[in-house]
Amino acid sequence: MPELPEVEVIRRDLVPRVEGRRISMVSITEPRLTRRRGTPAEVAAALLGHRVRALRRRGKYLFFDLGEESLVVRLGMTGQLLWGEGRSGFLPDEHTHAILSFEGGGRLAYRDIRKFGEMFLLPTVSAERTLRIGIEPLDRGFTPEALQRACSGTRRIKTLLLDQSRIAGIGNIYADEALFRAGIRPTRRASSLGHQEVRRLHTAIRRVLQAGIRHRGSSISDYRDACGRPGRFVALHRVYQRHGKPCLACGAPVRRILLGQRGTHYCPTCQR
DNA sequence: AGTACGCCCTGGCCGC
DNA sequence: TGCGGCCAGGGCGTAC
């Protein structure tokens, strides 16, 4: 499941390969992919012949800036962006829903088993506003005070961390891992957190996301980088999908509960 | 407005 | 060995 670190790894893999390059051929074969805006044919026609000026990330979204418009890609649960050149790289299969070919060689495939992901065009200047993306947790603007402001209302802190319109890019894995590192129980009401707890959570969020990027992401099921390689961060997960196993800090069994329909993992001793 | 929940989708796993 | 049924969950639409 690609969250901020996984999407950032893919972006960094792709920047030297696609920036400045012109799209010479487009094939979009899955209508669901463009469901938010336009048909596959319309999106394909709009992409053709355009140069990728920049490849940006905001939260879990990627923006291929083409000038007036940007191609927005959201990977959902099982989406992959795979780069191939010549005979090396990906082999298209029944889950490959789009392929962009670039002038001078190189192809970018969009592959997505469960089809939760999307690909569509938005005007570059208003794209971020349209998508209502919250604050970027690795930017300077994400201060303890900004997190404190987001911690209003009666919702549980984990539910808030998953709200992309508040804080962008945190998904189920990094929410659980950040809360463990901050020593905060996922079921706590966000507004009940004290100043010290907010500061700890702020630090934990940044550290866990940076560690995720450094270890090239968490490959729980289908995540692969742009070259088809898995990430290594799973080995460093402390609670996510470790239920029943001893907590790495205190030895108590890690617990798993359901919170907002999502599997939620925490240590009942270390997290209060 | 703020919160809760069902739905989309497919592969993998479980039990019989 | 085969197969039905359930589970994983990001984000959106709908309901309260």
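Below, chains carry the letters A, B, ... as their sequence lines are ordered, and counting in each starts from 1. The basis for the numbers below is simple: all heavy atoms, side chains too, and nothing from hydrogens, waters or symmetry mates.
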Could you work out, with side chain to side chain contact (heavy atoms under 4.5 Å, CB included) as the rule, every residue matching R207(A), not counting sequence neighbours?
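Listed in chain order: T203(A).
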Can you sort out the partners of R272(A) under side chain to side chain contact (heavy atoms under 4.5 Å, CB included), two or more places apart, ordered by chain and number?
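For R272(A) the side chain to side chain contact (heavy atoms under 4.5 Å, CB included) partners, ignoring immediate neighbours, are R185(A), T269(A).
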[atom1] of [X] versus [atom2] of [N]: gap in Å, rounded?
{"X": "D163(A)", "N": "dC5(B)", "atom1": "CG", "atom2": "P", "answer": "16 Å"}
{"X": "L75(A)", "N": "dC9(B)", "atom1": "CG", "atom2": "P", "answer": "18 Å"}
{"X": "L259(A)", "N": "dT3(B)", "atom1": "CG", "atom2": "P", "answer": "13 Å"}
{"X": "K115(A)", "N": "dC9(B)", "atom1": "NZ", "atom2": "C1'", "answer": "8 Å"}

Any chance you could list the contact pattern along nucleotides 3-16 of chain C? Use B for base contacts, S for sugar-phosphate-only contacts and - for none, protein heavy atoms under 4.0 Å, 5' to 3'.
-----BBBBS----
[X] atom [atom1]: more than 12 heavy-atom contacts under 6.0 Å:
{"X": "Q210(A)", "atom1": "CD", "answer": "yes"}
{"X": "L91(A)", "atom1": "CG", "answer": "no"}
{"X": "R199(A)", "atom1": "CZ", "answer": "no"}

May I have the step-by-step check of side-chain contact (heavy atoms from CB on, under 4.5 Å) for F102(A) and V52(A), ending in yes or no?
CA-CA 10 Å; F102(A) 289 85; V52(A) 178; 3.9 Å; yes
Heteroatom pairs (N/O) under 3.5 angstrom, protein to nucleotides 12-15 of chain B:
none

Between Y61(A) and Q164(A): side-chain donor-acceptor atoms closer than 3.5 Å
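On atom types as modelled, these side chains do not qualify, holding no pair under 3.5 Å.
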Axial bend angle, the helix from dG2(B)-dC16(C) to dC16(B)-dG2(C): five-pair end segments, nearest 10°:
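Answer rounded to 10°: the end axes differ by 50°.
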Look at [X] together with [Y] and state whether they make a salt bridge at an N to O cut-off of under 4.0 Å.
{"X": "R149(A)", "Y": "E145(A)", "value": "no"}
{"X": "D112(A)", "Y": "R32(A)", "value": "no"}
{"X": "E136(A)", "Y": "R57(A)", "value": "yes"}

Measuring centre to centre across the rings, with the benzene-like ring taken for any Trp, is Y240(A) within less than 6.0 Å of F233(A)?
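No, ring centres 6.0 Å or more apart.
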In residues 142-156 of chain A, which residues come under 4.0 Å of DNA chain B by heavy atom?
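Contacts with DNA chain B under 4.0 Å: G153(A), T154(A), R155(A).
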With nearest nucleotide decided by heavy atoms, which residue, R32(A) or G260(A), maps closer to the 5′ end of DNA chain B?
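It is G260(A), whose closest nucleotide lies nearer the 5' terminus.
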Under 4.0 angstrom between H95(A) side-chain N/O and dC9(B) OP1 or OP2
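No, no such contact exists.
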With a cut-off of under 6.0 Å to the ring centre and 45° to the axis, is R114(A) in cation-pi contact with F116(A)?
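Yes, cation above the ring, under 6.0 Å and within 45°.
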Test salt bridge (charged side-chain N to carboxylate O under 4.0 Å, His left out) on R256(A) and D176(A) and set out the steps.
CA-CA 10 Å; R256(A) 182 180 187 277; D176(A) 283 3; over 6 Å; no
